[in-house]
K.L.:
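One structure, pasted below without further comment.
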Amino acid sequence: MKELKKILYFDCSSGISGDMTLGALIDLGADKEQFLAELKKLNLEGYKIAFETTQRNAITATHVNVILTEQEEDHTHSHDREHMHDHGHEHDHSEMHDHEHMHDHNHDHGYTHTHAHGHFHRSFRDIRRMIQDSSLEEEVKDLSLRIFTRVAQAEAKVHHKDVEEVQFHEVGAVDSIVDIVGSAILIHMLQPDRICASVVQDGHGFIHCQHGMLSVPVPAVCEIFSASNAVIHQIDVDTELVTPTGAAIISELAESFGTMPSMKIEKMGWGAGTKVLKIPNLLKVTLGYEAQESSDYTQTDEIMVMQSNLDDCTGEMLGEAMEVLLEHGALDVFYTPIYMKKNRPAWCLTVLARPEDVPEMEKLMFEHTTTIGIRRYLSQRTILKREKSSVQTPYGELQVKRVKLEDGYREYPEYESAKRLAVETGKSLWEILNHEGKSGELV
């Protein structure tokens with residue numbers, strides 16, 4: 001029996017932030033001491049971490065509180081803390097871990113920090129160098145930098161700055177560096193095969209931050225989501241639910257946004273936000289495994305169905321697009337004749353693909369057809385178990401797909417193999433396919 005894929009599903013119905021993410025992943029059972037040992041490799045000083053157990057709407061959850069110390073304590077908490085920070089509220093217990101370092105490691109690496117009105121700022125260049133110079137695992141470095149890059153690009157666009165020189169007033173503070181790198185560490189520890197998320201819900205109204213009053217969703221969050229596949233929805237909660245850090249984390253991690261995929265739930269982790277809202281201010285992350293096999297001869301899985309209507313694409317382009325998509329891993333590609341506006345004869349292109357292959361499939365659909373929009377939805381299916389095999393025929397060895405049935409097997413010749421034998425022997429394809437022990441017979 002094949003090893004089932006591990007899935008993480010982020011329920012962002014109450015939004016998402018950096019420390020909510022840390023809380024939920026820790027709550028899934030990640031080893032705290034291992035997490036802290038890995039975090040030390042960042043060589044970042046001036047903070048303490050408290051693991052706090054709290055409740056929201058009678059649901060017990062974990063809150064990871066990053067507390068600034070010494071030279072950092074005058075720094076106004078980042079934008080992420082606007083959503084999260086409320087020390088000591090409903091905490092049942094707290095574990096405190098000190099990460100103060102007596103030397104200034106940053107200056108050893110030549111980091112350039114600026115002080116303005118008591119704020120401690122870091123540029124994207126500083127943060128990248130800090131991560132690259134650390135002894136963190138390469139996969140953790142890579143994921144951390146991809147998340148930070150999403151934030152930097154959004155902030156650069158909002159403030160018309162060069163990406164390298166973006167000063168992280170909102171997300172460059174120590175607590176948010178810990179949030180992003182810590183999230184990357186925990187994902188690396190959990191080693192999921194797939195990560196997906198719900199529609200991300202944010203509130204409305206205005207919130208106060210470094211730059212004054214901003215409408216919700218805040219500009220940086222909007223820019224981060226516009227550069228990703230994330231699906232966002234506003235709900236009737238008069239405050240911010242999604243922070244830039246949270247938006248960047250889920251945009252980078254999730255391969256799809258929608259309902260929970262079919263899976264066997266193993267456990268759930270709850271990460272608490274600090275604000276007490278009319279909704280439970282919680283991020284729920286579910287850990288599970290892909291749907292179990294349903295019988296001795298069938299199994300279930302989940303695929304993404306992608307479709308696009310085309311009324312201005314030539315036959316040559318359509319044929320080439322199908323070939324390219326299949327070559328790059330599409331499970332199936334087909335065209336359905338349709339009529340579009342102004343009674344134009346057209347084609348509906350349908351691509352079936354594994355969820356993790358969706359970004360590549362969409363890229364190819366945009367590149368090789370004239371489409372300007374693609375619909376997609378997850379679909380569950382039941383399939384017969386199958387394996388690759390071969391049979392001996394009077395004309396040579398023929399590759400077949402051996403499919404299991406309730407009371408036996410059925411063998412389907414592989415077209416390319418049959419075509420090769422036909423060319424080699426000078427026989428027709430019909431003769432090859434109708435060898436002794438014919439295709440479709442139960443054995």
Side-chain angles (χ1 to χ4, degrees), residues 8-25 27 54-59 61-66 77-86 89-90 147 150-151 154-155 158 170-171 173 175-176 179-180 183 195-254 257-260 268-286:
L8 286 182
Y9 179 73
F10 283 70
D11 181 351
C12 304
S13 54
S14 295
I16 184 170
S17 69
D19 52 353
M20 289 174 86
T21 303
L22 292 183
L25 297 178
D27 203 52
T54 185
Q55 285 197 338
R56 293 291 175 270
N57 294 45
I59 299 173
T62 297
H63 182 228
V64 177
N65 196 355
V66 181
H77 286 283
S78 73
H79 194 173
D80 247 19
R81 299 306 136 182
E82 189 72 31
H83 178 35
M84 294 299 108
H85 215 72
D86 179 19
H89 183 79
E90 296 184 28
I147 295 170
R150 288 182 180 270
V151 182
E155 294 286 350
V158 170
E170 303 295 355
V171 292
D175 49 6
S176 291
D179 286 344
I180 289 176
S183 295
I195 302 176
C196 43
S198 68
V199 171
V200 183
Q201 299 199 142
D202 204 350
H204 63 87
F206 293 86
I207 57 105
H208 182 77
C209 68
Q210 174 83 14
H211 305 288
M213 298 297 289
L214 292 176
S215 62
V216 177
V218 297
V221 166
C222 292
E223 291 294 347
I224 289 168
F225 282 152
S226 73
S228 75
N229 291 323
V231 180
I232 185 171
H233 175 66
Q234 275 188 301
I235 59 175
D236 188 19
V237 176
D238 189 8
T239 190
E240 176 192 45
L241 300 177
V242 180
T243 64
T245 299
I249 289 171
I250 201 61
S251 292
E252 184 59 43
L253 293 182
F257 294 82
T259 56
M260 182 185 293
M268 292 182 293
W270 299 87
T274 301
K275 287 183 177 179
V276 178
L277 307 172
K278 62 183 180 181
I279 61 173
N281 192 12
L282 297 168
L283 173 69
K284 179 174 70 172
V285 179
T286 303

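If you read the sequence from its start, that first residue is 1, and numbering goes on from there.
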K.L.:
Say whether, by atom type as modelled, one donor and one acceptor occur between the side chain of Asp27 and the main chain of Trp270 under 3.5 angstrom.
P.N.:
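Yes; at least one donor-acceptor contact below 3.5 Å.
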
K.L.:
Taking the side chain as every heavy atom from C-beta outward, state whether Phe225 and Ile250 have any pair of such atoms under 4.5 Å apart.
P.N.:
yes

K.L.:
Side chains of Asn281 and Met20, heavy atoms from C-beta outward: is any pair under 4.5 Å?
P.N.:
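In contact.
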
K.L.:
Can you give me the closest heavy-atom contact between Thr286 and Met268, atom names plus distance?
P.N.:
OG1-CG, 3.7 Å

K.L.:
How many angstroms lie between CD1 in Ile180 and CG in Leu22, if you round to the nearest 0.5 Å?
P.N.:
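It is 10.0 Å, given to the nearest 0.5 Å.
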
K.L.:
Taking the side chain as every heavy atom from C-beta outward, state whether Leu25 and Val285 have any atom pair closer than 4.5 Å.
P.N.:
yes

K.L.:
Write down the atom of Leu283, the atom of Gly15, and the distance for their closest heavy-atom approach.
P.N.:
CD1-O, 4.0 Å

K.L.:
What pair of heavy atoms forms the shortest contact from His233 to Val199, and how long is it?
P.N.:
CB-CG1, 3.7 Å

K.L.:
To check you understand the geometry: which heavy-atom pair defines the closest contact between Ala248 and Val151, and what is its length?
P.N.:
CB-CG2, 3.3 Å

K.L.:
Under 3.5 Å, side chain of Arg56 to main-chain N/O of Gly273, donor-acceptor pair present?
P.N.:
yes

K.L.:
As an exercise, state the distance from NZ of Lys284 to OG of Ser13, rounded to the nearest 0.5 Å.
P.N.:
7.5 Å

K.L.:
Can you confirm whether Ile207 sits close enough to Thr239 that some side-chain heavy atom of one is under 4.5 Å from a side-chain heavy atom of the other?
P.N.:
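With C-beta onward as the side chain, the pair touches.
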
K.L.:
Roughly how far, to the nearest 0.5 Å, is the CG atom of Asp19 from the OG1 atom of Thr245?
P.N.:
9.0 Å

K.L.:
For residues Ile232 and Pro217, report the shortest heavy-atom separation together with the two atoms involved.
P.N.:
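Scanning both residues, the minimum pair turns out to be CD1-CG, 4.1 Å.
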
K.L.:
Please examine the side chains of Ile235 and Leu241, heavy atoms only from C-beta on, and report whether any two atoms are closer than 4.5 Å.
P.N.:
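Heavy-atom side-chain distance check passes, below 4.5 Å.
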
K.L.:
Check whether any side-chain heavy atom of Asp236 lies under 4.5 Å from a side-chain heavy atom of Lys278, and answer yes or no.
P.N.:
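In short, these two side chains touch, coming nearer than 4.5 Å.
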
K.L.:
Drop me the distance from Ser183's OG to Glu252's CD, to the nearest 0.5 angstrom.
P.N.:
12.0 Å

K.L.:
Would you check, one step at a time, whether the test side chain to side chain contact (heavy atoms under 4.5 Å, CB included) holds for Ser14 with Leu282?
P.N.:
CA-CA 6 Å; Ser14 295; Leu282 297 168; 5.5 Å; no

K.L.:
Which heavy-atom pair separates Pro244 from Ala220 by the least distance, and what is that distance?
P.N.:
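Shortest heavy-atom separation between Pro244 and Ala220 comes out as CG-CB, 4.0 Å.
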
K.L.:
Hey, does the side chain of Asn57 reach the backbone of Ile59 with a donor-acceptor pair shorter than 3.5 angstrom?
P.N.:
no

K.L.:
Can you find a pair of side-chain heavy atoms, one from Thr21 and one from Asp179, that are under 4.5 Å apart?
P.N.:
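Counting from C-beta outward, Thr21 and Asp179 never come under 4.5 Å.
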
K.L.:
Do Asp202 and Val216 come close enough that some side-chain heavy atom pair is under 4.5 Å?
P.N.:
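Answer yes - side chains close enough.
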
